[in-house]
Amino acid sequence: MSHSSRLGADRVSRTLASNRLGVPAVVFFVLSAATPLTVVAGVVTTGFAVTGIIGLPIAFAAIAALLALFSVGYVAMSRHITNAGAFYTYVTHGLGRPAGVAAAYMALLAYNLLQVGLYGIIGVAASPQLDAWFGITLEWWVIALIAWAIVGFLGVLRIDVNGTVLAVLLLAEMAIIIIYSIASVGNPADGEVSFDTLQIGNLFESGAGAILVLAVLGFVGFEASVVYSEESRDPKRTIALATYISIVVVAAVYVLASWAMSVATGPDNIVAFSQQNADQTIFVLAGEFLGSTWVDIGSALFITSVLAAMISFHNTVARYVFALGRERVLPSALGRTSASSGAPVAASIVQSVIGLVVILVYVFFDLDPLVQLFFYLGTTGGFGVLTLVTVTAVGVLAFFARHPSGENAWRRVIAPVLALILLVIVVILAIANYDILIGVAPSAPERWILPGLFVVAALIGVLWARFLKSSRPEVYDAIGRGANAATGISVLELSAQEEDEPGQPSLR
């Protein structure tokens with residue numbers, strides 16, 4: 001091993017606790033990030049109401065197929081590179097260190113927006129329920145701070161403890177979605193079950209691009225399975241299974257729930273019904289068919305659904321920060337784990353501080369927690385993840401072009417190329433429809449400023465990588481190595497020597 005390689009191994013010797021998570025636990029983390037009940041109550045009804053198109057159920061199925069196609073190359077790469085950095089590491093190995101650091105900064109921004117945005121919705125959703133149930137009147141930010149404390153406390157505990165909490169919360173919200181859906185299908189409008197919203201022709205109507213983008217937002221979190229690869233049992237098998245299971249389960253739930261709503265109202269009336277009742281659509285239908293008790297249960301589980309998503313996103317962000325700290329792209333103190341829990345404590349605390357600052361800023365400036373915190377930041381975070389998925393698809397192709405690694409042509413080339421083409425189309429549609437996605441006028445500055453934040457983050461990442469290369473080459477050399485440099489299990493040797501080998505693309 002070269003001197004620079006030994007230095008790299010020393011720098012990244014800290015690792016997360018291994019062998020803690022099986023397939024079910026990783027699935028629970030991924031599905032919790034997807035927030036099924038929040039999506040069904042919010043994204044589904046928003047999709048019907050805003051676009052006026054009834055094809056949302058088939059849009060969910062189409063996006064599930066696209067993400068499954070992307071995952072062919074994504075999980076194939078996970079068999080060769082095990083690193084909590086996920087997007088960051090994959091882009092680094094595929095497109096080079098500057099692109100990898102740019103992806104890391106984009107990922108930190110995207111997941112932070114998703115995580116902190118949830119503090120707005122939990123405060124707004126829980127406040128009237130606490131008043132109705134217990135006569136307790138609390139401001140949204142008080143509830144947000146309580147949730148913040150819970151998430152922060154769990155963030156420094158063992159990862160499997162978090163997994164157990166998420167399992168309980170997730171199973172409860174999935175159960176209520178299924179119960180609501182069965183009730184809706186059992187009470188069809190005009191006494192006839194209609195399948196009109198499942199017709200594929202709905203994807204080719206004018207404005208269908210908007211519902212495809214909204215459908216993508218419902219799947220955000222599926223990609224987080226790789227973040228837990230270092231802590232999984234048999235990661236080569238666990239991550240692949242967890243990723244595909246998550247996509248299938250999420251798609252099945254969304255298709256069932258959105259179709260069931262259209263059955264209960266009638267396909268021709270679902271748009272008007274959603275416009276009238278907004279995010280209460282599913283609860284209005286439940287109240288009609290099941291009674292107020294089931295509405296109360298669903299309302300409570302909606303709140304715990306948001307809490308579960310907070311826990312999941314908090315853990316995802318903390319592991320990205322840990323991966324960057326471990327390689328000293330961020331301060332090295334962030335790359336430390338607890339001796340007792342194996343959790344990235346310093347990174348978790350930083351994430352908690354960011355959440356606290358955001359809550360206090362929104363309180364101080366009296367900003368709208370629902371629109372300006374949850375809706376703007378959540379939608380923008382989802383767009384950021386979509387963009388990262390697209391960049392990662394390019395990275396997967398580039399990686400396997402240099403390192404076939406025994407994978408067949410379907411995994412190395414065909415599926416990644418098809419996925420990339422379709423992902424680029426969806427990204428273009430997202431940008432073109434961004435004003436619709438956040439509910440502003442086409443001329444509003446927010447429709448460009450918010451997605452533009454990721455361009456700024458990427459540029460900062462590239463500049464920082466260039467700075468590291470010139471002033472701290474030993475740190476630059478370790479980018480993308482992760483725990484593999486310390487354990488010796490990496491399939492790649494990202495040394496300066498390899499970069500300069502004839503016929504090898506430079507990672508610089």
Side-chain angles (χ1 to χ4, degrees), residues 35 38-39 41-53 56 59 63 105-125 140-141 144 205-218 220 271-272 274-279 281 354 357-390 423-460:
T35 58
T38 305
V39 170
V43 173
V44 169
T45 51
T46 299
F48 284 132
V50 171
T51 67
I53 298 173
L56 195 54
I63 292 301
Y105 279 45
M106 291 172 67
L108 289 176
L109 175 61
Y111 286 115
N112 266 293
L113 291 176
L114 287 164
Q115 205 269 337
V116 301
L118 292 169
Y119 288 118
I121 187 63
I122 198 168
V124 171
W140 75 267
W141 56 268
E205 294 184 17
S206 175
I211 63 170
L212 286 172
V213 175
L214 284 169
V216 169
L217 297 180
V220 168
V271 170
S274 297
Q275 290 172 340
Q276 179 182 351
N277 296 288
D279 61 354
T281 297
I354 291 172
V357 170
V358 169
I359 294 171
L360 295 179
V361 166
Y362 271 74
V363 173
F364 182 79
F365 289 100
D366 194 27
L367 300 174
D368 187 333
L370 184 61
V371 175
Q372 294 172 303
L373 182 53
F374 169 67
F375 198 58
Y376 282 10
L377 299 195
T379 302
T380 303
F383 170 78
V385 172
L386 170 63
T387 305
L388 278 167
V389 169
T390 306
L423 284 166
V424 168
I425 292 172
V426 176
V427 169
I428 292 172
L429 289 172
I431 295 172
N433 292 276
Y434 212 84
D435 54 326
I436 296 175
L437 293 176
I438 62 173
V440 298
S443 59
E446 296 95 328
R447 62 106 57 239
W448 296 112
I449 291 174
L450 291 174
L453 292 175
F454 293 100
V455 176
V456 175
L459 288 175
I460 292 173

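Note that the numbering runs from 1 along the sequence shown for the chain.
No donor-acceptor pair closer than 3.5 Å links the side chain of Arg447 to the backbone N or O of Asn433. A distance-only check finds no donor-acceptor pair linking the side chain of Tyr376 to the backbone of Leu450 [under 3.5 Å]. Looking at Gln372, its side chain does come within 3.5 Å of a backbone N or O of Asp368 through a donor-acceptor pair.
To the nearest 0.5 Å, atoms CG (Leu56) and CZ (Phe48) are separated by 5.0 Å. Taken from CG in Leu113 to CG in Leu118, the straight-line distance is 11.0 Å, to the nearest 0.5 Å. Once rounded to the nearest 0.5 Å, the distance linking CG of Leu377 with CD of Gln115 reads 11.5 Å. Between the CD1 atom of Ile460 and the CE atom of Met106 there is a distance of 12.0 Å, given to the nearest 0.5 Å. Here Leu109 contributes atom CG and Leu114 contributes atom CG; the two are 9.5 Å apart, rounded to the nearest 0.5 Å.
Contact record, Ala215 with Ile63: CB-CG1, 3.7 Å, taken as the closest heavy-atom pair. Across Asp435 and Ala441, no two heavy atoms sit closer than the pair CB-O, 4.0 Å. The two residues Ser274 and Thr45 come nearest to each other via the heavy atoms CB-O, 3.6 Å. Nearest approach of Gln275 to Ala49, heavy atoms of both residues: NE2-O, 3.0 Å. The minimum heavy-atom distance between Val124 and Pro369, with the atom names listed, is CG2-CG, 3.7 Å.
Taking 4.5 Å as the limit, some side-chain heavy atom of Val385 sits within range of a side-chain heavy atom of Tyr111. The shortest distance between side-chain heavy atoms of Leu370 and Ile121 falls below 4.5 Å. Between Tyr434 and Thr380 the shortest side-chain heavy-atom distance falls below 4.5 Å. Residues Leu373 and Trp140 meet the side-chain proximity criterion, which asks for heavy atoms closer than 4.5 Å. Using a 4.5 Å cut-off on side-chain heavy atoms (C-beta onward), Phe383 and Ile431 make contact.
A side-chain contact (heavy atoms from CB on, under 4.5 Å) with Val43 is found for one member of Leu214, Val216, Thr379 and no other, namely Leu214. Of the residues Ile428, Leu386, Thr387, the one that meets the side-chain contact (heavy atoms from CB on, under 4.5 Å) test with Leu423 is Leu386.
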